[in-house]
Structure formats: C-alpha cells, structure tokens
Amino acid sequence: MAPLSRRFLFGGDQPWSHTDWISSNDRVRGGSSYSSLNILPNNTVQFNGHLDITTLGGAGFASQRTTGDVSWDLSDVDGLELAIAGSDGKVYTLTLKDKLLHKRPDGREQSTISWEYNLRPADKANVRVRWEDLRATYRGREAEGAEPLDLKNVKQITIMIRSFFGTQEGAFSLDIASIATFRRDV
C-alpha cells in the first residue's frame, strides 16, 4: 500500500482557533439545540452541546462551521481525515460547501448544496472521508443531479449532529484532535 501524506487544516501542527469556527444550530429555525467548540490544552477541540428534538417535533441539529472568506484548493488530495480523540458513539456529519450565498433580508443564510458524510466514530479513530464518499444534499435531502463538488474552491467545513428525526437526542460530545487532508502517494 502506498504511503499516506497529510496536511493539517486544523489541529496537528496547526493550532485550533475560536475565530475559525461559529455555531449554526436549529435555533435559526426556532429550535432549542445548542453547541460549542472548546479548545482543550492538548490542541484538541471538543464539539459538545445538547440536541433537542421536542421544540421542532422530532427534528433538530447543532453544528460548528468554519467562518470567514476562505477557500481551500483540495483538488490534489484524496479526501479529509478526522483524528477522533474521544466519542460518545453518536452519528455525526461532516459537511463541505463550495458555494455560499448572501444572507437573506432577515439575516438567515440561504441554503445551497452541501456535500455530506455521516460517521459514527469509535472512541479513538482516524476517519478518512474520500471525495467519492460524500453525497450531495439540499436541506438534508439527497440532491439528484447536483454539480460535482468544486474541490478547487471549498468554502466551508462543518461538523454537525442531527436528530435524524428523533433517533438521537440529548447531550453530545466529540473530541477532534485534527482535520487534515490526505493523499496516497503513488
């Protein structure tokens, strides 16, 4: 098997920063879920909070997403690797976007195509998400016929937990040591 090369985006040899991340929870739709991203002393972050399913009748989500006007060219790598340092065993979703629209007049963000991968990591694991593992969605539903993800222009990375319409709820916690690109050297 070919050796693996990595480039850290967050964690590893790159420090985590609170200014790189912001919460985006179901409160934007009238829900009660909340999340935070706490930087731990060992350059690991803890994504935690509470996933509420009562307010929105079984639906709910909490997430942390990257901020700012950034763009990553990920066209020369095979995917992303999340180094998980601790997990509660719940299902989380990694989301990438290549397009961000201007906010609506009411201040809410407009929906665009998302590229998603669901993971239920072990307590300590390296989860590799190859580009072909991502599925196109729009507002949580499969987006048939979507244009391919523009890997030269990735604008946003999100870590999310959702209720999957009542199948998971309550307190959650996921420790992430790093998010890195990976490539198999040939």
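Residue numbers start at 1 and run along the sequence shown.
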Applying salt bridge (Lys or Arg N to Asp or Glu O under 4.0 Å), can you list everything that pairs with Glu142, at least two apart in sequence or on another chain?
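If we apply the salt bridge (Lys or Arg N to Asp or Glu O under 4.0 Å) test to Glu142, skipping adjacent residues, the hits are Arg135.
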Can you list the other members of the hydrophobic cluster that holds Tyr34, where links are side-chain heavy atoms under 4.5 angstrom apart?
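Cluster partners of Tyr34: none, it stands alone.
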Taking side chain to side chain contact (heavy atoms under 4.5 Å, CB included) as the test, write out the residues that go with Ser178, two or more places apart.
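Side chain to side chain contact (heavy atoms under 4.5 Å, CB included) list for Ser178, sorted by chain: Phe8, Ala83.
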Got a sec, which residues hit side chain to side chain contact (heavy atoms under 4.5 Å, CB included) with Arg130, two or more places apart in sequence or on another chain?
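Once residues adjacent in sequence are excluded, the partners of Arg130 under the side chain to side chain contact (heavy atoms under 4.5 Å, CB included) criterion are Glu132, Asp133, Phe182.
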[X]: side-chain hydrogen bond (donor to acceptor under 3.5 Å, both in side chains) partners, not counting sequence neighbours:
{"X": "Asp88", "value": "Tyr92"}
{"X": "Asp150", "value": "none"}
{"X": "Glu81", "value": "Arg6, Arg128"}
{"X": "Asp123", "value": "none"}

Where at least one partner belongs to residues 115-156, residue pairs that pass ring pair (Phe, Tyr, Trp, His ring centres under 6.0 Å), sequence neighbours excluded:
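The answer is none; no pair qualifies.
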Pairs satisfying ring pair (Phe, Tyr, Trp, His ring centres under 6.0 Å), at least one member in residues 140-181, at least two apart
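Qualifying pairs: Phe47-Phe172.
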By the side-chain hydrogen bond (donor to acceptor under 3.5 Å, both in side chains) test, which pairs, at least two apart or in different chains, include something from residues 160-169?
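Those involving residues 160-169 are Glu116-Arg162.
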Between side-chain atoms of residues 36-44 and protein atoms elsewhere (two or more places apart, or another chain), which donor-acceptor pairs fall under 3.5 Å?
| from | atom 1 | to | atom 2 | distance (Å) |
| --- | --- | --- | --- | --- |
| Ser36 | OG | Asn38 | ND2 | 3.3 |
| Ser36 | OG | Asn48 | OD1 | 2.7 |
| Asn38 | ND2 | Asn48 | OD1 | 3.4 |
| Asn42 | OD1 | Thr44 | N | 3.4 |
| Asn42 | OD1 | Thr44 | OG1 | 3.2 |
| Asn43 | OD1 | Trp16 | N | 3.2 |
| Asn43 | ND2 | Gly12 | O | 3.3 |
| Asn43 | ND2 | Gln14 | O | 3.4 |

